[in-house]
Amino acid sequence: MLKSHPCGGLTGKEIGNQVVLCGWVQRKRDHGGVTFIDLRDRSGIVQVVFDPRECGQEVATLAREVGSEWVLKVSGVVHRRPPGTENPRLATGEIEVRAQEATVLNPASPLPFPVRDDVKGVDEILRLKYRYLDLRRPAMRQALELRHRFTKAVRDFMDQQGFWEVETPILWKHTPEGAREFLVPSRLHPGRFFVLPQSPQIAKQLLMVAGVEKYFQIARCLRDEDPRADRQPEFTQIDVEMSFVTADDIYELVEGLLSYALKVAAGRDIPTPFLKMSYQEAMTRYGSDKPDIRFGLLVEDVTDILKESSFRAFSDTVREGGIIRGLFVPGLETLGRKDLAELTELTKRAGAKGLATIPIGDRQQESLVARFLTEKEKEALASRFGSERPGWILLVADQADRVEEAVGLLRLKLARHRKLVPERCSQELAFLWIVDRPLLEWDAREERYVPLHHPFTSPFPEDIPLLEEGVRMLETGRGEKKGSPDHPLRRVRAYAYDIVLNGYEIGGGSIRIHDRSLQELVFRAIELPREEAKRKFGFLLEAFEYGAPPHGGIALGLDRILAVLCDAEQTDPDSGLPYLNIREVIAFPKTSTMADPLTGAPTPVDEKVLKEQHITLVPEVWAKVQQEAGGIGESNE
RNA sequence: GGGCCCGUGGUGCAGCCUGGUUAGCACGUCGGCCUGUCAAGCCGGAGGUCGCGGGUUCAAAUCCCGUCGGGCCCGCCA
């Protein structure tokens, strides 16, 4: 090694010791005589003092000539800083290194943007183009380090629990259901394609049939869907599958895993077991299938109170099968006219017709709705929300799904507006299991029931009779109409679970079907003909015929967990809604248009390469590629 | 596929609504001064076809249309 110590690791213990440091120039303070250089490596920063009386004129001159991010090798002696010059903001602020010699290992060009955490708002595309500079910032370096420590802890824990990490193929088979997949043309099999796996789901189930019993993998998943702030075309899952288990075993394992990894990697103590909440309760009380339970602001249903209201928007909605739900915000002064307008805007975003704002206490005249309500109705509302103090009741009346979404969004925005959650999202970690989701949902466009999770998810054992009844109705055309909200198939619960952290879905899984007749029943429920099932999943179904053990598992979204831990939450300035930017915890992420500004990918390829892969571009695309070719060539030099 | 928002020296922002001197500020950068700073300080300089194209106008960073790039969202993500 060219260096003897890490910059950030020097302490008072090294005082008097000769050290050799290598690192980057964070900052230089040139006083004409003495020059200070903050030297940074991945461990941190230490102040190096170049005093011509100690290091000689030549070295002092060299120190004055360096610029930001130059790479230096410095040898010197560790000294306690003179009294009064300590820097409490620096971990190494008690000491400094008095340089004796210095070498420039490499100079650096002026920077395209400052490599500093305290400069906010640098254009993200610029940061991505120079990702190697951006990653030098302490915050980014810490994210990389945390990611390493976390995955290391995951591997240690899973190993202790008897799990084997097994790698699964990256070149996989296309399956038409689920996420759109990235295609990989097969050169040796013209006209055929591999796909990149959207997850190792089927492979891990095959490993269960193979008798591995306890499998895990820190697995890359690839999905060719439109990205979002918390979705990348490639992302990482902690993928787990176990044989001979119930859901309780999975809960216990995951709670143990997360509490261990958080303790070891981040020094965080989190209480276990995690809270469990039914999907039903999440939707009705929180307006979300991934509730943030760090704050209250619970949703109340007031349909019964207002169904006869003289305010037509209420009574008409209820008559048409809609519902009325809302929230209570204490304090009339907390929401001004502008706030109320913004909240109304937000409800419209959910497709709801509007937001009724009812003041409790005075200021009755300011509310259009309040004038239509009787004293009795207002009293009933106030008592429903348990509001003894003045405040605002915010109500949405519409069809159930829109109301749920709208009040869910209101809850999130209000929590930020009223500062009910800490500024930094890592400060409080609220884990939650969501259970008892429906197995199937009605797809109005396809006119059939589709799995909410995937077709191998087991129904809740008690609900199997319901599933049988539903399939009977479906196939005989008798009983409840297909698609009706009361259809038995909609009431079948899945033996599945989702895990939520601070309002973000960080994972999900299920107990799988290992019984062939049950599997066929589910295929009938989703109207997947036997032939088609065979074509799509034939190899898995065949595997299940050779002694498949009961099994189940889960996949945890590593990027999202780390994004919460790294405070990569931002607030959308337009809507006031929070979102997670997982790009902050990925070393080389893609933009939200699925491009990589650093390498320029995706790029066109030579015609020769296309030909080898038996690919011909459609004429319009070919023309466009030709036209752009010059520009792309230039920008990549 | 659709909606909303953003684009001004290397970086971050102001100016735009209400068109009108040399487009302003901070950081960085370059030169000079300075021996204890740590966002060092002081003095001086360079650096902008206001993303691009078109239109309206005597006059466009500013208004209008288009386009490109970016961000967030809806659809999509079993």
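Chain A is the first sequence line, chain B the second, and so forth, proteins listed ahead of strands; every chain is numbered from 1.
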Does a side-chain N or O of [X] approach OP1 or OP2 of [N] to a distance below 4.0 Å, or not?
X       : N      : result
R29(A)  : U37(B) : no
S592(A) : G71(B) : yes
T593(A) : G70(B) : yes
R583(A) : C72(B) : yes

Whole-angstrom distance between [N] and [M], as gauged at atom [atom1]:
N      : M      : atom1 : answer
C4(B)  : A40(B) : C1'   : 45 Å
G24(B) : C65(B) : C1'   : 30 Å
C34(B) : C43(B) : C1'   : 11 Å
C42(B) : A59(B) : P     : 45 Å
G69(B) : C25(B) : C1'   : 27 Å
G51(B) : A61(B) : P     : 10 Å
A46(B) : A23(B) : P     : 14 Å
C30(B) : U37(B) : P     : 24 Å

Does atom CD of E86(A) have more than 12 heavy-atom neighbours from other groups under 6.0 Å away?
->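 Enclosed: over 12 neighbouring heavy atoms sit under 6.0 Å from CD of E86(A).
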
Would one find more than 12 heavy atoms of other residues, nucleotides or ligands at under 6.0 Å from atom CZ of R141(A)?
->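 Yes, enclosed.
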
Figure out the [atom1]/[atom2] separation between [X] and [N], and round it to whole Å.
X       : N      : atom1 : atom2 : result
D230(A) : C72(B) : CG    : P     : 9 Å
D401(A) : C74(B) : CG    : P     : 15 Å
F235(A) : C77(B) : CZ    : C1'   : 9 Å
K28(A)  : A40(B) : NZ    : C1'   : 12 Å
L452(A) : C77(B) : CG    : C1'   : 12 Å
E124(A) : G7(B)  : CD    : C1'   : 15 Å
L577(A) : C5(B)  : CG    : P     : 16 Å
K590(A) : G71(B) : NZ    : P     : 13 Å

How is [X] classified with respect to the nucleic acid when contacts are heavy atoms under 4.0 Å: base, sugar-phosphate, or nothing?
X       : result
Q570(A) : nothing
Y579(A) : sugar-phosphate
T591(A) : sugar-phosphate
P451(A) : sugar-phosphate
E345(A) : nothing
P455(A) : base

On RNA chain B, check which nucleotide each of L580(A) and D51(A) is closest to and give me the residue with the more 5' one.
->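 Nearer the 5' end of the strand: D51(A).
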
Mapping L90(A) and V34(A) onto RNA chain B by nearest heavy atom, which one lands closer to the 5' end?
->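 Closer to the 5' end of RNA chain B: V34(A).
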
Per the atom types in the model, does the base of [N] pair as donor or acceptor with the side chain of [X] at under 3.5 Å?
X       : N      : value
E96(A)  : G36(B) : yes
N87(A)  : C38(B) : yes
R81(A)  : C38(B) : yes
R231(A) : C77(B) : yes
R349(A) : G3(B)  : no

Are E527(A) and R448(A) close enough for a salt bridge, meaning some N to O gap below 4.0 Å?
->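 Salt bridge absent between E527(A) and R448(A).
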
Go through the steps to decide whether R349(A) and T347(A) satisfy the test side chain to side chain donor-acceptor pair (under 3.5 Å), and finish with yes or no.
-> CA-CA 5 Å; R349(A) 198 171 128 150; T347(A) 51; over 6 Å; no

Spacing of [X] atom [atom1] and [Y] atom [atom2] [to the nearest 0.5 Å]:
X       : Y       : atom1 : atom2 : answer
T571(A) : R416(A) : OG1   : CZ    : 6.5 Å
L501(A) : D292(A) : CG    : CG    : 9.0 Å
I238(A) : L558(A) : CD1   : CG    : 5.0 Å
D443(A) : Y449(A) : CG    : OH    : 11.5 Å

Polar atom pairs (N or O), protein with nucleotides 31-34 of chain B, under 3.5 Å:
unit_1 : atom_1 : unit_2 : atom_2 : d
C34(B) : N3     : D30(A) : O      : 3.4
C34(B) : N3     : G32(A) : N      : 3.3
C34(B) : N4     : R64(A) : NH2    : 3.1

Check against salt bridge (Lys or Arg N to Asp or Glu O under 4.0 Å), K413(A) and E345(A) | CA-CA 12 Å; K413(A) 186 180 169 91; E345(A) 195 58 38; over 6 Å; no

Just compare A39(B), G69(B), G1(B) and give me whichever is closest to any side-chain atom of I125(A).
->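 Side chain of I125(A) sits closest to G69(B).
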
Where the side chain of F36(A) is defined as all heavy atoms beyond and including C-beta, which of C76(B), G36(B), A40(B) is the nearest nucleotide?
->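 Closest of the options to the side chain of F36(A): G36(B).
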
L474(A) and L489(A), any side-chain heavy atoms less than 4.5 Å apart |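 Yes, side chains in contact.
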
Mind checking whether V49(A) and V34(A) have side chains closer than 4.5 Å, heavy atoms only?
->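 A side-chain contact under 4.5 Å exists here.
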
Is the F50(A)-F36(A) ring centre distance short of 6.0 angstrom?
->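 Between F36(A) and F50(A), which both carry aromatic rings, the centre distance is not below 6.0 Å.
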
So, is the end of the R131(A) side chain (NZ or CZ) under 6.0 Å from the ring centre of F588(A) and within 45° of the ring's axis?
->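 Not satisfied by the 6.0 Å and 45° rule.
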
Using both distances under 3.5 Å as the test, list the Watson-Crick or G-U wobble partner of A26(B), or none.
->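 Because both required distances fall under 3.5 Å, A26(B) counts as paired with U11(B).
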
Watson-Crick or G-U counterpart of C63(B), or none if no pair lies under 3.5 Å |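 Partner of C63(B): G55(B).
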
Identify each atom pair where a protein N or O and an N or O of nucleotides 9-12 of chain B are less than 3.5 Å apart, giving names and distance.
unit_1 : atom_1 : unit_2  : atom_2 : d
G10(B) : O2'    : P112(A) : O      : 2.8
G12(B) : OP1    : D123(A) : N      : 2.9

Mind running salt bridge (Lys or Arg N to Asp or Glu O under 4.0 Å) on D51(A) and R53(A) for me, showing each step along the way?
-> CA-CA 5 Å; D51(A) 190 327; R53(A) 291 169 302 198; 3.0 Å; yes

Go through the steps to decide whether E181(A) and L222(A) satisfy the test side chain to side chain contact (heavy atoms under 4.5 Å, CB included), and finish with yes or no.
-> CA-CA 7 Å; E181(A) 293 160 323; L222(A) 301 118; over 6 Å; no

Between the protein and nucleotides 44-51 of chain B, which nitrogen or oxygen pairs are less than 3.5 angstrom apart?
none

